[in-house]
Amino acid sequence: GKHPAQHVDAGAGGLSPSRPDGEAKGRESSGAGNLPRDNAPSPAPTPRATHRLDTGEPEEFAQALRGASAEFLPLSGCPFTARLSTLQLGGLVTMIGETSGHISCVAFNAGLTGLVVPLHLYNAPTRVNGEVLDRTNAILAPGGAEFRSHAPHGVDWAALAVPTPVLEALAENAPGTIRAMPGAKVLALRAGPAARLSGALRAAWHMTHGLPDALAQPGYIEALTGELHELVSQALSPDIGVRVESRASRRALAVVREAESFLRANQARPAFRHDLCVALDIGPRTLHDAFVATVGMPPAAYLKALRL
């Protein structure tokens, strides 16, 4: 059964496993083997591969994502639980997952573009790069572009990882300003296409995991891949918008990134709030507000969770 503070529908990786030995430590089952590494020669596309994982370990969950690097931090006093299901259809990978309340930082691998859609948002607002999500939003993230999420009560989500040239072709009707914008973007989709895309991702998961023999039916994989491509193209329509980050949100995100970089570069010595303020040339209130707005907790608590 589902519980309000313990869910995630997992984002999608693409063409490489995060774990060198390809083995997960939790309860999982795997289909047609592991996916190739980013910098390894790519074998012929695997027609289908399914993978399922239940875990209470944030690091294990992050490592199980395909085609992305990620860090998940559970919220204080909230045990971490997560489920992840992966379906690979040739070069297209979908992931559906459930996670409890958490903070995360995710970046898709080079050569891939991720499209992440929320499937269920709980009572407390879920933020991505400081922006509150609703059911018609989606995150469009080119390879290497980080996005940070704060989900106080967990979130169900789904994601597609698509080779970037394929995604660019599917998004040819999207506004040019969106295609040209760097970094991860929070899109405002039309309600109808957003609902159809979310529904198709759920249906694909239920079909392939509830009726696994369907994958072996002639033409099934091609038809499912084609349908998902078409729904992505419809969702990325000419009339979609993009949630432009406010100046305050951009500045808060920059402060958090700069603080993390400073601390990672100086892990050999203890650092205090005063050190961060001096290094970033900001005041204590600015530092505090930036962390609360971006990751939902004061800097000391967040950095302690990161073990920095």
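All figures in this text were calculated on a predicted structure; none of them were measured in a lab.
Scanning for side chain to side chain donor-acceptor pair (under 3.5 Å) contacts around Glu230 gives Gln234, with sequence neighbours left out.
When all heavy atoms of Asn109 and Ser69 are compared, the closest pair comes out as OD1-N, 3.9 Å. The shortest non-hydrogen separation linking Leu231 to Ala200 is CD1-CB, 3.2 Å. Summarising the geometry of Cys277 relative to Leu287, their closest heavy-atom pair is SG-CD2, 4.0 Å, with the distance given to 0.1 Å. Taking every heavy atom of both residues into account, Leu53 and Ala64 meet most closely at CD2-CB, 3.5 Å. Minimum interatomic distance between Ala184 and Ala145 (heavy atoms only, all atoms of both residues): N-CB, 3.6 Å. Taking each heavy atom of Ser198 and Leu119 in turn, the nearest pair found is CB-CD2, 3.6 Å.
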Donor-acceptor list for residues 289-299 side chains, cut-off 3.5 Å, not counting sequence neighbours:
{"unit_1": "Asp289", "atom_1": "OD1", "unit_2": "Arg285", "atom_2": "NH1", "d": "3.3"}
{"unit_1": "Thr294", "atom_1": "OG1", "unit_2": "Ala290", "atom_2": "O", "d": "3.0"}

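Residues Leu115 and Leu197 are in side-chain contact: their nearest non-hydrogen atoms beyond the backbone lie under 4.5 Å apart. The closest side-chain heavy-atom distance from Arg273 to Pro284 is below 4.5 Å. Taking the side chain as every heavy atom from C-beta outward, Val128 and His150 never approach each other to under 4.5 Å. Between Leu112 and Val162 there is no side-chain heavy-atom pair separated by less than 4.5 Å. Residues His102 and Val155 meet the side-chain proximity criterion, which asks for heavy atoms closer than 4.5 Å. Side chains of Ile282 and Arg251 form a contact here, defined as non-hydrogen atoms less than 4.5 Å apart. With a 4.5 Å cut-off on side-chain heavy atoms, Phe61 and Glu59 do not count as touching. A 4.5 Å side-chain heavy-atom check between Thr286 and Leu280 finds every atom pair outside the cut-off.
From Phe80, atom CZ reaches atom CG of Leu73 across 9.5 Å, with rounding to the nearest 0.5 Å. Considering CG of Leu187 and OG1 of Thr136, their distance stands at 10.5 Å, rounded to 0.5 Å. We find the CG-CD1 distance between Leu133 and Ile139 to be 5.5 Å, quoted to the nearest 0.5 Å. The OG1 atom of Thr126 lies 9.5 Å from the NE2 atom of His120; values are rounded to the nearest 0.5 Å. Rounding to the nearest 0.5 angstrom, the gap separating the CE atom in Met95 from the OG1 atom in Thr86 is 3.5 Å. The distance from atom CZ of Arg196 to atom CG of Leu201, rounded to the nearest 0.5 Å, is 13.5 Å.
Between Glu260 and Arg148, at least one side-chain nitrogen of the basic residue sits less than 4.0 Å from a carboxylate oxygen of the acidic one, meeting the salt-bridge criterion.
Here the side chain of Asn266 pairs no donor or acceptor atom with the backbone of Leu263 at under 3.5 angstrom. Between the His274 side chain and the Phe272 main chain, no donor and acceptor come within less than 3.5 Å of each other. No donor-acceptor pair under 3.5 Å is formed between the side chain of Ser149 and the backbone N or O of Ser104.
Tested against Phe147, the residues Asn129, Leu253, Leu140, Val186 include a single side-chain contact (heavy atoms from CB on, under 4.5 Å) partner, Asn129.
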Side chain to side chain contact (heavy atoms under 4.5 Å, CB included) between Leu160 and Val232, intermediate numbers included:
CA-CA 9 Å; Leu160 295 168; Val232 169; 3.3 Å; yes
Kindly indicate, with the supporting measurements, whether the criterion side chain to side chain contact (heavy atoms under 4.5 Å, CB included) is fulfilled by Phe72 and Leu65.
CA-CA 11 Å; Phe72 281 77; Leu65 299 180; 4.0 Å; yes
Take Leu92 and Leu228 through the side chain to side chain contact (heavy atoms under 4.5 Å, CB included) test and state the conclusion after the steps.
CA-CA 9 Å; Leu92 173 70; Leu228 290 174; 3.9 Å; yes
Taking it one step at a time, do Leu276 and Phe262 satisfy side chain to side chain contact (heavy atoms under 4.5 Å, CB included)?
CA-CA 8 Å; Leu276 283 174; Phe262 172 80; 3.6 Å; yes
